[in-house]
Amino acid sequence: MTEYLLILVSTVLANNFVLVRFLGLCPFMGVSNKLEGAIGMSVATLFVLTLSSVTSYLLSAYLLKPLGLEYLSTLGFILVIATVVQLTEMAMRKTSPLLYRILGIFLPLITTNCAVLGVALLNVQEQHNLLQSAFYGFGAAAGFGGVLVMFSAMRERIAHADVPVHFAGAPIGLITAGLMALAFMGFTGLARL
Amino acid sequence: MLTAIISITVLGSLFGLGLGWASGKFKVDSDPVVDQINEILPQTQCGQCNYPGCRPYAEAIAQGDAEINQCPPGGESGIQALADLLGVEAIPLNPENGEQKPKSVAVIDEAICIGCTLCIQACPVDAILGATRQMHTVIAAECTGCDLCLPPCPVDCIEMVEVPRSVDEWTWPKPGNRIPHAGIHKLPETSG
Amino acid sequence: MNRKFKTAGAPHFPPQTTVTRVMLQVLIALIPAIAAHVWFFGPGILFQITLAVGFAVGFEAMMLKARHQPVRLFLGDLSAVLTAVLFALCIPPLAPWWISLIGMLFAIVVAKHLYGGLGNNLFNPAMVGYVVVLISFPQAMTAWLPPVAIAPVPLGIMDTLAAILGGKLPGDLTWDAITGATPLDLIRTSVASGEMISEARSSPVFGDFGGLGWEWIANWYAVGGIWLLWRRVIGWHVPVTMIGSVLLLGLIAWLTDPGSNPSPLQHVFSGALMIGAFFIATDPVSGCASTRGRLIFGAGVGIITLVIRRWGGYPDGVAFAVLLMNMAAPLIDRYTRPRIFGR
Amino acid sequence: MTYRKILTDGLWQQNTGLVVLLGLCPLLAVSGTVVNAIGLGLATTLTLVCSNLAVSLARRALRPEIRIPAYVIIIATVVTVIQLLMQAWFHDLYRVLGIFIPLIVTNCAIIGRAEAFASRNAPLPSAIDGLATGLGFLLTLVALGALREVVGRGTLLSQAQLMFGDWGRSLEITLIPDHPGFLLAILPPGAFIGLGLLIAGRNWVEARRNRVRGAATAHRAPA
Amino acid sequence: MRDHLVNEARKAGERLHHFHGGLRLRHNKKISCTTPVEKVPLATRYFVPLLQQTGREAKALVSTGQKILKGDPIGSFAHLGSGYVHAPTSGIVTAIARHPNSHPSGEDGACIVIKPDGLDQWKPLQPIENWEQAEPGLLRQKIQESGIVGLGGAVFPTAYKVGEASLRGIHTLILNGSECEPYISCDEMLMREQPQSIILGARILQRAIGAERTIIAIEDQMGAVHASLSGAVEQSGATEIDIVQVTTIYPEGGEKQLVQVLTGLEIPSGGRPTDLGLLCQNVATATAVARAVVEDKPLIERIVTVTGNGVRRPRNLMAQLGTPIANLVDQCGGYTGDAARLILGGPMMGYALSSDSNPVIKAANCILVLTESDIQPPQPEMPCIRCGECARVCPSMLLPQQLDWSIRNDLWEEASDLGLADCIECGCCDFVCPSHIPLVDWFRFGKAELQLLAAEREQAEAARKRFEAREARLQRLELERKQRIAEKKRALGSANDKRKKIAAAVERARSGKGGGS
Amino acid sequence: MKLMLRSAAALGLVAIIGTSLLTGVHFVTAGRIVEQEKRVILQQLGQLVPDRYDNQLLDDRFTFTNERYFPNGQPVTAWRARQGAQPAALILKFNATRGYNGDITLLAGINASGSLRGVRVISHKETPGLGDAIELEKSDWILGFTGRSLKNPSSEKWAVRREGGEFDQFTGATITPKAVIDAVRMALEYFETNREFLFNAPADDGGNLKS
Ligand SMILES: Cc1cc2nc3c(=O)[nH]c(=O)nc-3n(C[C@H](O)[C@H](O)[C@H](O)COP(=O)(O)O)c2cc1C
Ligand SMILES: Cc1cc2nc3c(=O)[nH]c(=O)nc-3n(C[C@H](O)[C@H](O)[C@H](O)COP(=O)(O)O)c2cc1C
Ligand SMILES: Cc1cc2nc3c(=O)[nH]c(=O)nc-3n(C[C@H](O)[C@H](O)[C@H](O)COP(=O)(O)O)c2cc1C
Ligand SMILES: Cc1cc2nc3c(=O)[nH]c(=O)nc-3n(C[C@H](O)[C@H](O)[C@H](O)CO)c2cc1C
Ligand code: SF4
Ligand code: SF4
Ligand code: SF4
Ligand code: SF4
Ligand code: FES
């Protein structure tokens with residue numbers, strides 16, 4: 001039990017995927033202008049990431065490893081991820097077209113959200129089992145989503161602040177992310193095993 | 001060697017199969033976004049966007065055929081609202097479509113009007129009353145100020161008049177901007 | 001006969017208070033604690049305040065000029081001075097001068113003016129400055145003097161100045177010789193090395209309910225804070241929920257495992273909790289605006305502080321907790337709007 | 001679309017790191033030192049050229065619903081090849097860059113170029129676009145790496161041996177001797193803030209260029 | 001739901017409740033309460049503005065040169081159940097011209113200028129005899145004809161309010177005597193000096209709306225008032241009138257706050273007291289009603305508090321509408337040397353006038369003259385430091401600071417979500433703001449803008465409907481035209497067929513004939 | 001249906017081409033990669049054993065636990081270098097558990113004589129700029145163990161200077177060095193008492209450098 005708690009604490013706080021591990025930054029910067037969009041993206045990522053973490057674990061444990069095909073991991077994982085994302089995209093387009101519009105180009109880009117492939121690769125590297133992989137994927141996405149949502153709420157305020165002109169937009173966004181990372185330094189050492 | 005190729009190939013094919021199935025299964029039929037876009041458009045129905053009315057323009061935007069900056073009556077705020085809805089960057093109004101003008105209504109000079117009914121046919125919102133060979137009038141409250149009735153009139157008796165504001169429609173003005181923004185020490189006082 | 005008058009918007013009253021007055025009152029409220037600081041730890045803090053205020057005002061003036069804002073008006077609001085004083089109160093009294101320089105650079109330039117200056121910053125400037133120097137220069141930032149009462153070699157004024165400006169210690173003293181761990185540090189260390197809290201408690205740096213000296217400074221912070229409460233400069237929500245959550249959770253932890261958890265009073269009267277509760281987490285600009293938001297904000301700061309103290313890599317977590325809650329503040333504000341009358 | 005435009009787009013106007021803001025993860029994660037930056041930048045550039053080329057060649061065969069998976073397979077193949085080669089011949093550098101080599105696959109910039117450019121253009125322009133984009137990315141990486149290394153450690157090109165073998169040690173330049181080490185620059189917050197400053201710097205340069213250009217045209221107008 | 005609330009509201013006055021926020025302000029009322037209300041002597045000219053109530057300007061009913069009697073209707077409103085403006089005295093209409101009209105815009109408005117003949121002669125008066133037996137409808141009609149509007153500040157036509165209220169089932173009439181703004185004392189003086197007419201007005205209103213009882217709310221600092229009012233109640237023998245003293249906190253005189261203090265209930269956002277079975281009227285409005293019904297005297301005068309450090313001898317005056325404000329100030333000994341600002345209304349909600357040639361209007365409860373030192377030192381506006389003071393004092397429980405932010409940034413949907421429309425413009429937030437942000441100015445602007453946007457949206461919606469209807473019609477016409485053409489063609493075709501058939505038959509017949517032959 | 005098959009076929013084709021290419025490259029590079037990985041490990045371990053040994057160091061390893069000397073149930077890996085049949089040296093991989101921010105993973109090379117060949121830090125979470133001076137990259141402190149043994153210095157001198165020992169502490173940080181010193185001493189003591197076992201236990205598969 002503590003083990004799973006630690007995985008969550010580690011992925012969400014101490015080793016937050018976005019702010020500490022630098023994974024998933026493109027959607028982090030790209031979909032954070034509006035709170036609604038950020039929430040939608042977080043939910044989508046939560047779903048995709050957990051699912052793909054588990055499926056890629058299965059792929060790795062039951063196909064690639066037994067056959068000695070570890071060198072195909074990247075390819076295999078990305079295939080799994082692309083498919084999961086594509087299915088999610090189609091389902092969302094059908095069920096919530098507006099959300100689909102807001103998330104715009106970013107849904108297909110979940111495929112290329114490093115966090116997703118990163119989770120799959122890290123699962124292998126850290127020798128997680130099935131449940132650990134699920135928790136790891138979920139925690140990574142929760143950390144990503146939580147930070148994304150907070151960030152977008154902050155950006156809505158920044159958008160109308162009197163920011164020096166050359167800093168408006170992406171620069172102040174990145175500096176804000178930097179200060180968030182600074183705050184997250186406080187969690188270092190939290191998930192010591 | 002062979003196992004590698006076979007396994008990944010089988011995997012790829014399976015995924016392809018699944019995707020093909022899903023793309024048929026989740027086909028999108030209608031686009032409620034059109035309605036939402038249409039709701040933002042000002043409904044002036046003036047055609048300046050190069051579409052024959054607001055709804056067609058809305059459809060074009062939803063299709064991705066038109067930019068969001070082609071509606072002059074909607075102005076910057078309209079573009080901003082569209083950008084917010086669609087999650088894209090706001091862009092300045094395309095000058096080719098015209099520029100935003102203050103709201104005005106058409107007034108027919110009833111002395112000159114010959115009752116040709118041409119303007120009635122042009123009005124997209126049925127704001128002109130009249131019958132053949134009788135004097136026509138514009139229902140000011142219903143006129144959207146689209147200008148479409150001006151060209152057909154054979155005697156040029158229609159004029160666009162800005163809607164004036166009278167004292168009893170007076171509303172509180174926008175306060176002066178914050179001093180730091182203006183860069184001068186000025187108090188929010190107006191001398192009487 | 002008809003007389004003309006100048007017009008202006010309602011209400012027609014002279015200003016009740018000003019930003020400058022608000023900041024000034026906060027500064028006044030800090031005076032007792034500063035005096036206590038000097039009493040217990042020597043005059044270092046006064047130099048640090050001077051340095052930090054100097055740098056802060058310099059950066060503030062520079063940025064105001066660069067942003068084409070009225071320099072006099074905004075320098076006069078004293079917010080930069082307050083930021084500097086709070087920053088100075090967080091760093092070790094003998095920290096070298098460039099600590100203030102870099103801290104104020106990040107506090108005033110990055111955390112404040114890049115966001116649009118007074119009122120627009122999302123993060124608490126003083127805490128940004130502090131955390132930047134803390135993680136960048138941990139060595140200088142952990143060189144705390146023990147209270148004068150138990151210091152092996154008390155430093156004079158000139159020695160202090162030489163240490164801050166030149167990094168030189170008198171005679172053949174080494175830093176290791178004159179600095180020591182803070183109470184929280186000891187607690188943290190004893191937890192890390194699996195000792196009992198009681199063993200750490202035997203160190204002379206512990207006082208009756210907090211750290212020796214530290215507990216009194218904390219008391220004076222509380223006195224200043226209560227004065228601010230009374231003057232209505234700050235609201236009760238943040239201090240009460242922040243201290244309350246620390247007391248409550250600290251009590252639970254202490255009762256379940258007194259061996260590895262310090263008493264809740266120890267938590268409250270050591271480290272930055274008091275200054276945090278009354279002066280830092282109450283920063284209106286970077287905190288929550290709504291009442292419920294402030295309750296959550298205060299509790300959040302308290303809980304995160306405790307978590308970092310107990311399980312984290314830093315002995316104290318107030319600064320991080322404040323920054324973390326600053327991050328969450330806009331979101332909290334979004335979802336804790338008060339119910340509008342009649343809705 | 002002239003080649004010149006492709007080049008300026010990739011290097012400056014549409015620079016992935018500074019303008020389009022794609023591929024941020026490796027940009028921030030691997031820019032602790034200049035050498036890491038160069039290593040990853042080169043690997044990324046190579047991937048971009050190969051994947052653009054491949055996608056462009058295959059562009060007519062791919063139906064919309066499998067387009068993205070297909071790109072991804074192509075890119076993953078290219079990246080794995082590069083990864084294997086690096087593992088075999090630049091093992092030390094590979095170990096430093098770690099997970100970010102396989103993660104080139106998900107560098108959004110690569111699939112972005114595949115989708116936006118290569119899928120609509122002939123092989124040669126696509127390859128050049130890949131090269132320009134990659135070099136733009138490399139430059140940003142190196143700039144950020146240099147910024148962080150100088151501010152954080154006071155050196156440039158430290159650990160060059162990882163890439164160039166032992167003679168690389170002599171490449172290290174110490175710009176600020178006795179630098180106390182400004183850890184912020186090396187730690188995660190420094191990466192974000194550094195990139196923010198770089199983009200602000202680019203905005204400033206761009207604004208100045210526009211002003212100069214604007215002044216020039218304004219000067220001409222009355223005549 | 002409403003029934004439940006209405007039943008709850010029946011307990012009004014049993015127990016006092018609190019409302020959120022508000023301010024304890026220095027009262028400053030005493031200075032104008034030391035002398036009894038004085039009548040203002042006839043002026044040389046009266047300027048009666050045609051815009052004196054919520055809605056549009058009235059249409060003049062008189063023309064230049066016309067002779068009029070005191071109480072003659074001289075302007076009629078077309079909006080909000082119509083209403084009138086009446087002549088303040090007898091005389092001649094010398095002009096209908098634009099003149100400063102004491103409007104917050106500071107702009108001139110149409111005024112009827114009357115030169116008094118000095119006789120002050122009433123029009124023929126036809127009071128309602130025996131109002132206790134009169135039809136409620138008749139009472140309401142009288143109120144309307146007498147041009148009575150809310151004298152508590154909003155100048156909303158009382159007839160309209162009363163008419164609406166009578167339809168909705170009102171159990172309690174609340175008379176608002178809790179004059180909460182500093183300086184103003186006209187209602188207090190009225191309650192001291194004419195308690196009988198207030199009680200009378202209350203009973204008439206009660207009958208006009210069918211209410212069961214009346215609560216008169218006064219501030220707890222008005223000691224003398226309570227005595228005089230209860231004396232009058234006793235005198236009248238009415239049993240269903242209660243006097244309730246409420247705590248003096250600005251703005252407890254606001255309708256929503258008063259209802260909350262009395263009942264503990266909140267008037268629903270966008271709603272009115274009628275939603276709780278209550279009707280709220282100002283005490284002066286009640287006297288005006290009494291005068292209108294039992295004396296047939298329309299609303300042509302009101303008590304005006306002339307006060308402030310800028311006036312030599314502050315006091316309350318009974319002034320005819322249309323009297324130039326300068327006359328009132330003169331009667332109070334004129335300005336002191338450092339008079340600096342002339343305000344119509346109280347210091348919190350009143351608006352500054354640019355000149356004292358402005359006339360007294362129905363809304364003029366107070367003429368406040370402040371000195372330099374009252375309004376000094378002026379401070380520059382600073383950025384909001386999010387101190388939250390404004391939210392703490394806002395009686396509508398809004399977040400003024402966020403409202404201000406969304407208005408400045410044109411985030412109208414956000415502003416509307418934040419309850420901009422619920423702001424009562426009380427000025428509390430503005431008063432406490434350490435950054436001196438003119439919050440109320442922004443909210444007034446924002447509210448107008450929001451209404452404008454809503455109107456625009458409504459218009460757009462209507463235009464869309466008409467456009468779509470027209471499209472559908474054109475399509476139908478087009479379709480019909482096509483059908484007609486098709487039918488014609490078919491008709492033509494079948495006609496051809498027929499002809500062929502006939503021809504064939506003829507042919508056959510012929511050949512048959514031939515065959516037969 | 002047709003749609004499905006077409007998608008499947010196209011994706012399959014792309015996959016075939018990709019995999020074939022990859023597999024080809026894999027076969028070309030596989031050998032070299034294994035070699036490289038070995039080289040890296042050997043480079044690490046090689047610093048800690050004498051140059052002369054003749055067994056396959058990398059394969060002659062086994063994993064064990066011992067709560068008394070290596071607390072928290074950590075698995076300890078031992079690599080053995082032998083010259084002929086004679087034990088030459090031993091490398092232990094273990095954690096110092098009392099670091100400031102958690103475990104510090106150490107490699108210690110111990111000569112058959114019981115003296116330290118050297119100590120290296122593989123991974124740690126100590127505060128950057130404070131506790132991280134135990135890395136060889138940051139300072140030479142860790143080299144101070146070379147040549148030490150249980151008798152050199154005597155066991156009460158196995159402590160930081162501030163506490164009367166022979167080893168330096170870092171300015172502002174004593175926890176980290178203390179943790180390392182204590183853990184290394186415990187490892188030496190374990191070596192002293194279990195020498196037989198360490199060299200005679202059968203090799204197994206467990207443990208590698210990374211985890
Ligand atoms: C049916 C009815 C409709 C009303 N409509 C309005 C209105 O549109 N605007 C308004 O200001 N007051 C209106 N009132 C009057 C309000 O009840 C209230 O008295 C008025 O808003 C003044 O209140 P205040 O001074 O507290 O703002 C209406 C009253 C009734 C009975
Ligand atoms: C902030 C505020 C303060 C008010 N203060 C008073 C007051 O002191 N006395 C009063 O009669 N009406 C006051 N009003 C007006 C009341 O809300 C309400 O409109 C009035 O009592 C209705 O009666 P009327 O229509 O007869 O004016 C105030 C309104 C507001 C918004
Ligand atoms: C933020 C922070 C991080 C620290 N990190 C370490 C560390 O990684 N290793 C360490 O030995 N001491 C670290 N310390 C210092 C210890 O808490 C403790 O003060 C020190 O080890 C005692 O040594 P001293 O007696 O030399 O001051 C840190 C202190 C602080 C405030
Ligand atoms: C009660 C109170 C607490 C404050 N606390 C801080 C603080 O912790 N840090 C800081 O930089 N400024 C503080 N300020 C000053 C000011 O709000 C701050 O500089 C702004 O964040 C600058 O925009 C405080 C001000 C007040 C009134
Ligand atoms: S340009 Fe005219 S027709 Fe087109 S959307 Fe705008 S208002 Fe409608
Ligand atoms: S009357 Fe003329 S201007 Fe008005 S809507 Fe009709 S066509 Fe347009
Ligand atoms: S003016 Fe409006 S926002 Fe301000 S306190 Fe009054 S009701 Fe609240
Ligand atoms: S009172 Fe003024 S400064 Fe304070 S939060 Fe409100 S608007 Fe901002
Ligand atoms: S590079 Fe784009 S998400 Fe990581």
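Within every chain, numbering begins at 1; the chains are lettered A, B, ... in the order of the sequence lines, protein sequences first and strands thereafter.
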Just so I understand: if I count every heavy-atom pair under 4.5 Å between each of [options] and chain C, which residue has the most?
| options | answer |
| --- | --- |
| Leu370(E), Leu439(E), Ile343(E), Val369(E) | Ile343(E) |
| Ala391(E), Pro347(E), Ala352(E), Gly270(E) | Pro347(E) |
| Val440(E), Leu398(E), Leu399(E) | Leu399(E) |
| Leu342(E), Val432(E), Leu368(E) | Leu342(E) |
| Gly350(E), Gly271(E), Gly346(E), Gly345(E) | Gly350(E) |
| His20(E), Gln260(E), Met349(E) | Gln260(E) |

On a heavy-atom basis, which atom in [X] and which in [Y] lie closest, and how many Å separate them?
| X | Y | result |
| --- | --- | --- |
| Leu73(C) | Pro380(E) | CD1-CG, 3.4 Å |
| Asp417(E) | Ile340(C) | O-CD1, 3.6 Å |
| Val19(C) | Ser435(E) | CG2-OG, 3.3 Å |
| Cys387(E) | Pro284(C) | CA-CB, 3.7 Å |
| Pro15(C) | His436(E) | CB-CE1, 3.2 Å |

What is the distance from atom [atom1] of [X] to atom [atom2] of [Y], rounded to the nearest 0.5 Å?
| X | Y | atom1 | atom2 | value |
| --- | --- | --- | --- | --- |
| Met348(E) | Phe13(C) | CE | CZ | 6.5 Å |
| Tyr183(E) | His12(C) | OH | NE2 | 11.5 Å |
| Arg232(C) | Glu389(E) | CZ | CD | 7.0 Å |

With a 4.5 angstrom heavy-atom cut-off, is it the side chain or the backbone of [X] that approaches chain C, or both, or neither?
| X | value |
| --- | --- |
| Pro182(E) | side chain |
| Phe431(E) | both |
| Cys433(E) | backbone |

Taking everything shown except [X] itself, do over 12 heavy atoms lie less than 6.0 Å from its [atom1]?
| X | atom1 | value |
| --- | --- | --- |
| Trp220(C) | CH2 | no |
| Glu413(E) | CD | no |
| His18(E) | NE2 | no |

Review point. Judged by atom type as modelled, is there a donor-acceptor pair below 3.5 Å linking the side chain of Arg341(E) to the main-chain atoms of Phe5(C)?
Key: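 Looks like no, no N/O pair under 3.5 Å.
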**Study point:** Arg3(C) side chain to Ala339(E) backbone, donor-acceptor under 3.5 Å
**Key:**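 Checking the backbone N and O of Ala339(E) against the side chain of Arg3(C), a donor-acceptor pair under 3.5 Å is found.
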Practice item. Please test Arg343(C) against Asp422(E) for side chain to side chain contact (heavy atoms under 4.5 Å, CB included), starting from the C-alpha separation and ending with a verdict. Key: CA-CA 10 Å; Arg343(C) 286 203 187 161; Asp422(E) 293 283; 3.0 Å; yes
Check your understanding: Heavy-atom distance under 4.5 Å to chain E: side chain of Val22(C), backbone, both or neither?
Key ->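 Answer is side chain: those atoms of Val22(C) sit under 4.5 Å from chain E.
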Check your understanding: Arg339(C) versus chain E, heavy atoms under 4.5 Å apart: side chain, backbone, both or neither?
Key ->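 Arg339(C) touches chain E through backbone and side-chain heavy atoms alike.
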Answer yes or no: is there a side-chain heavy-atom contact under 4.5 Å between [X] and [Y]?
| X | Y | value |
| --- | --- | --- |
| Ile385(E) | Leu118(C) | yes |
| Pro434(E) | Thr18(C) | no |
| Pro14(C) | Asp374(E) | no |
| Cys394(E) | Phe341(C) | no |

**Study point:** Residue list, side chain to side chain donor-acceptor pair (under 3.5 Å) with Asp77(C), at least two apart or on another chain
**Key:**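 With neighbours one apart ignored, the set is Ser79(C).
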Practice item. Determine, for Arg386(E) against Asp333(C), whether the closest basic-nitrogen to carboxylate-oxygen distance falls under 4.0 angstrom. Key: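 Salt bridge flag = yes for Asp333(C) with Arg386(E).
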Review point. Are Arg337(C) and Glu414(E) within salt-bridge range, i.e. N to O under 4.0 Å?
Key: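 Salt bridge: yes.
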